[in-house]
Student: 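Right, I'll just put the structure down here and ask away after.
Start at 1 and go down the list; that is how both ligands and their atoms are numbered.
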Amino acid sequence: MEKLYEGKAKVLFPAGPDTLRVYFKDEATAFNAQKRGLIPGKGVINNKVSATLFRYLEAHGVKTHFLEEVSDREMRVLRVEILPLEVILRFKAAGSFAKRYGVKEGTPLKTPLVEFSLKSDPLGDPLICPEAILALGLAAEEELSQVRTTTLKVGELLRDFFAQRGLDLIDFKLEFGKRQGEILLADEISPDTMRLWDQKTGEPMDKDRFRKDLGGVEEAYQEVLRRVLRG
Ligand code: UDP
C-alpha cells in the first residue's frame, strides 16, 4: 500500500479514514541523522516495547493513539495531528542536558524536569520555552498545560514500571497529537527514545550504545524487551 510518510525509524501507511499503520524499521540515526546505521531486530523490539507501554499507560488513565499490534513490526494507531514539539522529561542529567550545564551524567535532579524542543530537522530540534510555544501558536495554553501534566504522570508510571524490572529511567522523549480537540500521547516509547540504565551495573541499555559506539546494541535492546514483557 502507498505510504503516507517515511521518517527515520518508522513508515506510516493509511489504514482507514481515521487510522494509520505504523511500520517500525531497523534503521537507526543519531546526532540529527549525521550518524546512520542498522540495529537488526530493532523494529520488532520497538514495536513490542511501545505497544506494551502504551497499553500499560492506557490502563493507568493516559489517553494514547495506540489501537493494536497488527504484526511483529506494525501497530495500528489513531490518526492525529502531531504537535511540532519533542517533550523531554528528565530524572537524572544525561546527554545534551549534562553537556549544556556542565554536570556529570547520572546526577539526580531535585525535581523531574520537563523540556521542550521544536521538531525541526533543518534547525536541529532547538530547545523552545513555553512562552515561545504560545507566542508562535504551536499549542494553546490549555494544551500545553495538559501536555506537561500528562508527561509528568507518564514519567512516574514509566519510572515505576522500569524500576520493577531492574532498570533506571534517566530521561525520555514524548510526542503528542490532537484528534477531535483532544490531546493524545502519540509516536513511540522505546529504547530509541529513552535512556535506561541497568540498576546493578549502571550500563546504558538504550540508543546511547549506538550513539557512543559502546557495542552490544542489539543485545541491550533484546534485554529491555525481555524485561518489559516479564509482566
Ligand atoms: N530523544 C529522542 N529524540 C530526539 C532527541 C532526544 O528520542 O530527537 C530522547 C533521547 O533518547 C533521550 C531524551 O530524549 O532519552 C533526552 O535527550 P537529550 O536532549 O539529552 O538529547 P541527546 O543527547 O539524545 O541528543
Student: Is R165 close enough and on-axis enough to F161, meaning under 6.0 Å and within 45°, for cation-pi?
Tutor: yes
Student: Under a 4.0 Å heavy-atom cut-off, what residues line ligand 1?
Tutor: E86, I88, R90, A94, G95, S96, D125, D171, F172, K173, D192, T193, M194, R195, R211
Student: Any idea which heavy atoms bring R90 and R100 closest together, and the distance?
Tutor: NH2-NH2, 4.2 Å
Student: Classify the ring geometry between Y101 and F97 as parallel (under 30°), tilted (30 to 60°) or perpendicular (over 60°).
Tutor: perpendicular
Student: For H65 and R79, indicate whether the former's side chain and the latter's backbone hold a donor-acceptor pair under 3.5 Å.
Tutor: no
Student: For I82, what are the other residues in its hydrophobic cluster, where any two members join if their side-chain heavy atoms are less than 4.5 angstrom apart?
Tutor: L67, L78, V80, L184
Student: Distance only, no hydrogens: is a donor on one side chain within 3.5 Å (strictly under) of an acceptor on the other, for Y221 and N46?
Tutor: no
